[in-house]
Amino acid sequence: MDLAHSAADEAFRAEARAWLRAHVPVDPLPSLETEEGFAAHRAWEAELAVDRWSVVNWPAAYGGRDATLVRWLLFEEEYYAAGAPGRVNQNGVSLLAPTLFDHGTEEQRARVLPPMATGEVVWAQAWSEPEAGSDLASLRSRATRVAGGWLLSGQKTWSSRAAFADRAFGLFRSDPGAPKPHQGLTYLMFDLRASGVTVRPIARLDGRPAIAELFLDEVFVPDEDVIGEPGQGWRIAMSTAGNERGLMLRSPGRFLASADRLHRLWQDRGSPESARNSVADALIGARAYQLFTFAAASRFLDGESIGPESSLNKVFWSEYDIALHETALDLLGAEGELADTEWAERYVFSLAGPIYAGTNEIQRDIIAERLLGLPKGRR
Amino acid sequence: MDLAHSAADEAFRAEARAWLRAHVPVDPLPSLETEEGFAAHRAWEAELAVDRWSVVNWPAAYGGRDATLVRWLLFEEEYYAAGAPGRVNQNGVSLLAPTLFDHGTEEQRARVLPPMATGEVVWAQAWSEPEAGSDLASLRSRATRVAGGWLLSGQKTWSSRAAFADRAFGLFRSDPGAPKPHQGLTYLMFDLRASGVTVRPIARLDGRPAIAELFLDEVFVPDEDVIGEPGQGWRIAMSTAGNERGLMLRSPGRFLASADRLHRLWQDRGSPESARNSVADALIGARAYQLFTFAAASRFLDGESIGPESSLNKVFWSEYDIALHETALDLLGAEGELADTEWAERYVFSLAGPIYAGTNEIQRDIIAERLLGLPKGRR
Amino acid sequence: MRFLLDPEQRAFGDSLNAMLAVADTPSVIRDWSRGEHARGRALWSRVAEAGVFALAVPEAYEGMGPRPVELAVAFIELGRHAVPGPLVETVAAAVLLADLPDPGPAKRLLPALATGEAMATLAWKAPYALDGDVAGTRLAVTSQGLHLSPGHGPVRPSLDAARRLTPLEPGGELLGPAPARALAYARLTTAAQALGVGQALLDKTVAHVLRRTQFGVSIGSFQAVKHRLADVRIGLEFARPLLFGAALTMAPADVAAAKVTACEAAYAAARTALQLHGAIGYTAEYDLSLWLTKARALRTAWGDPDACRADVLGAPTLSGDRRW
Amino acid sequence: MRFLLDPEQRAFGDSLNAMLAVADTPSVIRDWSRGEHARGRALWSRVAEAGVFALAVPEAYEGMGPRPVELAVAFIELGRHAVPGPLVETVAAAVLLADLPDPGPAKRLLPALATGEAMATLAWKAPYALDGDVAGTRLAVTSQGLHLSPGHGPVRPSLDAARRLTPLEPGGELLGPAPARALAYARLTTAAQALGVGQALLDKTVAHVLRRTQFGVSIGSFQAVKHRLADVRIGLEFARPLLFGAALTMAPADVAAAKVTACEAAYAAARTALQLHGAIGYTAEYDLSLWLTKARALRTAWGDPDACRADVLGAPTLSGDRRW
């Protein structure tokens, strides 16, 4: 048992730190949820990519550095500690790319990944539909077979980043006659600017268009944009969903940086005693999450897979994140209600945590049933 | 809308205050959960009864003062503010007596109530059985018809006060062939020293024998000790259970006094800021409970009945009481673990709150289903 | 002691509720958030006609107040329908003006507040006042006393888009000292508003979970959902008596207790409402958002939880150790 | 970086667990609570034979320590089985004695602690020491330094009946200054013990809710029950890495973070265990009580939550703003 990083890993960390110190913009970029801010964040991705810092854990062939999971964690610590911008292509990098590595073809990887790494193509996810929230098996959007490809029709919603993104990926019902609802689904990528696609941005609580609704009317998708076998989409998506809930959706570096920011805010406000325990708990929670992740990464390096344990992770970080930002707003007192502050924007972002990527209610059911062995309820 | 009490009510309050000031023992009585303490508390009941303060809301004929609900509330405020002893006969006064007023005969009232008022006869409740906790309809102890009465056999448990009490009351299955489990139950009173009764005291978490298990082997009960009609026990008990959860189980006076005690403890410990919010919440919660009860009492005086609203009350006071005592133990620091302090005894007592008189899980189901109109779960 | 609303008080609340229920407040709120005040002003007039502002204004100035219990009744309904505008500020301003030693400003300004012809806003040793761009009477309390502010700065957005925060220009006519009684009225009406917001959130969420199905059943049948909503109900039910108790005594500690409790209950209702609505609740276009964001903003308006708890602890006890 | 127990460390924990699982610790605890120490002493010897105390004693004094990771492994198992006695105190005493500038007391006292022949107790600027009636080595830290106490006062009961609190007689031989390192060991092993207590409470409660039926079904199928137990699991799972992280660094802030988090998780486990067991869990005769009461007592032993959080906040940051 050992928490010390190897000299080579520390050298990697130092290189990242130095690069970030030299490159991170002094003034924060405009909000990711505006057209201007989106473009600025896309340019930042390109800047990262020039020195191969945008996707450190990918193979060098696609723009990465073949970084191990540990190095990715160290990079993330440095990235957030440096106050670097939010990642506009997180959907692509953390959800689609792992799927392509596991289930895509070499041709797909070569075509899709490099422009993802540079931010040239920014991806939106298209999982949910109006009537299918936690119950993903009830998807109704269709993919109909035509010569050389498929026609997509239907409606997707809560598509994050879709307001300004280029392409999207999701599941479509290709075999409505399949015996069970989660059979007969196909995993496809499609162009958000293709004929037949209507993107309707949806403002989140603070009015920023962080999400969108997609209306698809016979949108043609060539066969080359099907991932894996048609009809196998559910299985493929579940492996992505496992990843989504797993290690890479929220890196500890993000929360270590948030906790430090909160601690500074507390000190700037005169270290009020009434917030003392909440601030201490934020610091402790960030450390707990960091170490929990190191343990999971160590198991992963030992060849173990990360299964329902990822539900523990999801509940923890999402509720931690809200508690931290509630403490911050409380420290701000009456100014806490101002919407145009970084704290407010982060608070609103945190509120989505317990809802998406599998609601925390679903996650607690999974913990109870799969980790504790309690009987399946009727839900 | 008016919170001011009438001059007559204030005079009643002042009379109670003066009496208590003159009579409440300077040193606390020994613990109710010891033989010595039980006897001392029984003597205190007798002292109360001499001046008709033991059952103020009963008719004068049975030892009371015909006090209204409001006067009872004022008496309770004075009683706990004076630091007067715990009430050894609470089971009898708050559970059995209301049942006798509603369902008993005049003969029963005349025979049972006066010695209850003086503490000459102390009552235990005998509701639960080992396999019937929240699911009271599944009771299995039997009452078998014999000439002039009934023979009781079976096992009761969690019988509070039974270690030292004189008599008990509960439900027994008199018609095992009844079509539904909650039919065919009869409400009876019996002597804890009768032939065939074995009382096994059970120590609670801190080792004090606050409860007991009762083994009944053909215990004879004369017909005069059946309350209401045989077979109607469930309906009669439900009216008592409603009362149990309702206004009179935990008077606001108790929590106002607890909150003041906590506030003094906090001040004695130098008013540590870290406990500030918890102490304030204890003060606020006691006031909320007092006012909630005044509102309920006002509705009651208007002729409204208190139905599922009593579930709100049960959850509130039971969780409030634990939070208050946890704050106190935290204020005591390392001394908080000492078992021989009043704070520790009260803390242990508070822990039972969310479990008995209908678990808080059941109460939340009731609130959701009966007050909010949500569908019945499968339970 | 009869701690229940009188029939007339109940009827007053019911009639406000009925009036507001058909006023399409969501559209009014969305207009207001964009700085389009026409429909908001019209609604304001109807609220004034119902007598709400007159409840804060003494009879000497064409009002019938101050009547804190009725104000609490009214503000529960204003919160239930998320009515926008400087409602609390107008009440507090009215109390403040009436309390001035010099009757001049009250004579000049109060009648228009009572009738709804004018709105007032008020910054109490704080950098922003609500809706300074629409309030005709802009008051600022500084260490010198109460000023009539000569103007306002640009609107700064609140998380509750209907709350348009404006700095007030410093200086202006000094009207006199600023008695603290007005602060208690601001807190009381904020607490009432929060309670109404929380009740609306609970009602909307109960309706949603009955309607919404997942895995083939109404999500309202899941025990975890039921228990969360039960907790919201408990929180609101125990805030309510504190509110009316405070309205009867107007003691600062009572008002502070009501403020923190009602606002915490409303915020807890908002958190639960958002979680049980899921993604749709997270969107600004779904009307729920108008209540969710208001619950957050009211929590820190006119005294954040820490300040209120401090006022509870700092209050003298009534007789010996007896607080209440 | 490999933040996982090595196979030998895991095997050590497993073997302790296996040994304790058949030791009928509930009877040992009940004897101990009555002051009957014979079986507790025998168990203590077996714990010592397994090498637990030697982990705290340097090689120079016939030990093989201090080895905080292995101590954490061992104390999780000691907590899981609620082993009674001054376990934490003996470890802290060993570290304290070894750290003295004068090697005399260590030479005299440490070997017997390593082998389990003697138990130690320790009052650190506190009025009580655990099991002063059975510990042969009674240490007291005062503002002067570390004393060898000449005797103990009468036992005062803890809510955890197995914790027999005794005042130590003042005065006695002054052994030297008292370095704070021992405090970190006391907190670390208390945290580990609490984690083991919490895990046992979770396991016992899961078993209970699977077994217990109400309304015709296992209560473990109720979603409210499932979610409460899921929360207990989450609390324990995130305390565990803090514990081992602290064992690796032994930095006071890390140890304080582990202490408060493990103890809060264990106490939350106790509250849930009691509620889900219902009345049976409230009885002293049911074995669950032995763990429930210990979770409460450990929460304030060796640094209550406030003190631990203060140590986290007071720690210097590592580099600039970077704490960890």
Side-chain angles (χ1 to χ4, degrees), chain A residues 1-6 9 70 73-74 77 81 256-257 259-261 263-264 266 271 276-277 279-281 283-299 301-302 309 311-313 315-316 319-320 361 363-369 371-379, chain D residues 1-6 9 69-70 73 202-203 205-206 209-210 217-218 220-223 225-235 237-249 253-254 256-258 260-261 264 305-306 308-313 315 317 319-324:
Chain A
M1 176 163 247
D2 183 10
L3 269 176
H5 300 294
S6 70
D9 286 353
V70 170
L73 288 166
L74 296 179
E77 285 187 13
L256 288 166
D260 279 337
R261 213 159 32 228
H263 189 216
R264 283 198 303 276
W266 179 67
S271 305
R276 196 168 69 89
N277 288 352
V279 173
D281 285 347
L283 292 170
I284 294 169
R287 173 68 164 169
Y289 188 66
Q290 178 195 39
L291 293 173
F292 180 90
T293 306
F294 280 152
S298 300
R299 281 202 306 279
L301 293 174
D302 269 14
E309 294 81 6
S311 293
L312 300 165
N313 173 309
V315 175
F316 184 86
E319 299 186 355
Y320 169 83
E361 285 75 22
Q363 305 295 354
R364 286 191 167 88
D365 284 345
I366 292 172
I367 293 166
E369 292 165 12
L371 293 176
L372 298 178
L374 295 174
K376 260 187 114 64
R378 65 148 199 222
R379 274 266 165 63
Chain D
M1 198 285 290
R2 190 173 179 285
F3 190 50
L4 283 180
L5 292 176
D6 301 332
Q9 291 166 333
V69 172
E70 283 76 9
V73 168
L202 175 59
D203 292 345
T205 307
V206 166
V209 302
L210 286 169
V217 295
S218 140
S221 64
F222 297 148
Q223 198 184 26
V225 169
K226 289 160 72 169
H227 283 201
R228 283 197 73 164
L229 289 170
D231 283 335
V232 170
R233 175 75 182 246
I234 293 166
E237 286 282 349
F238 283 86
R240 194 179 169 81
L242 286 172
L243 173 68
F244 285 109
L248 286 171
T249 70
D254 283 346
V260 60
T261 308
E264 295 279 32
D306 270 11
C308 290
R309 289 193 177 99
D311 285 356
V312 170
L313 284 173
T317 51
S319 65
D321 297 323
R322 312 273 292 285
R323 176 169 298 266
W324 275 304

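Below, chains carry the letters A, B, ... as their sequence lines are ordered, and counting in each starts from 1.
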Minimum-distance pair of heavy atoms, taken over all atoms of [X] and [Y]:
X        : Y        : result
A:Leu371 : D:Arg233 : O-NH1, 3.5 Å
D:Met1   : A:Phe294 : CE-CD2, 3.8 Å
D:Ala230 : A:Leu372 : N-CD1, 4.0 Å
D:Gly220 : A:Leu374 : O-CB, 3.8 Å
D:Leu313 : A:Ala280 : CG-CB, 3.9 Å
A:Leu291 : D:Gly245 : CD1-CA, 4.0 Å

Does [X] reach the side chain of [Y], with side-chain heavy atoms less than 4.5 Å apart?
X        : Y        : answer
A:Leu3   : D:Phe244 : no
D:Arg2   : A:Asp302 : yes
A:Asp2   : D:Leu248 : no
D:Lys226 : A:Glu369 : yes
A:Arg276 : D:Asp306 : yes

Rounded to the nearest 0.5 Å, what's the gap from [atom1] on [X] to [atom2] on [Y]? Could you check?
X        : Y        : atom1 : atom2 : result
A:Thr293 : D:Phe3   : OG1   : CZ    : 10.5 Å
A:Arg287 : D:Leu242 : CZ    : CG    : 7.5 Å
A:Tyr320 : D:Ile234 : OH    : CD1   : 16.0 Å
A:Met1   : D:Asp6   : CE    : CG    : 8.0 Å

*asked:* According to salt bridge (Lys or Arg N to Asp or Glu O under 4.0 Å), who are the partners of D:Arg228, at least two apart in sequence or on a separate chain?
replied: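 If we apply the salt bridge (Lys or Arg N to Asp or Glu O under 4.0 Å) test to D:Arg228, skipping adjacent residues, the hits are B:Glu361.
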Segment of D:Ala258 engaging chain A (4.5 angstrom heavy-atom cut-off)
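Contact with chain A involves no heavy atom of D:Ala258 at all.
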Applying a strict 4.5 Å limit to non-hydrogen atoms, the region of D:Glu237 in contact with chain A is both
Looking only at A:Ile367, A:Leu301, A:Asp9, A:Leu312, the option with the highest number of non-hydrogen pairs under 4.5 Å against chain D is A:Leu312
Counting heavy-atom pairs under 4.5 angstrom with chain A, the leader among D:Thr261, D:Val260, D:Leu210, D:Val209 is D:Leu210
*Interchain contact, A:Arg299 with chain D, by part (heavy-atom threshold 4.5 Å)*: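 For A:Arg299, heavy atoms of backbone and side chain both lie under 4.5 Å from chain D.
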Whatever's closer than 4.5 Å to a heavy atom in chain D on A:Ala4 counts as backbone
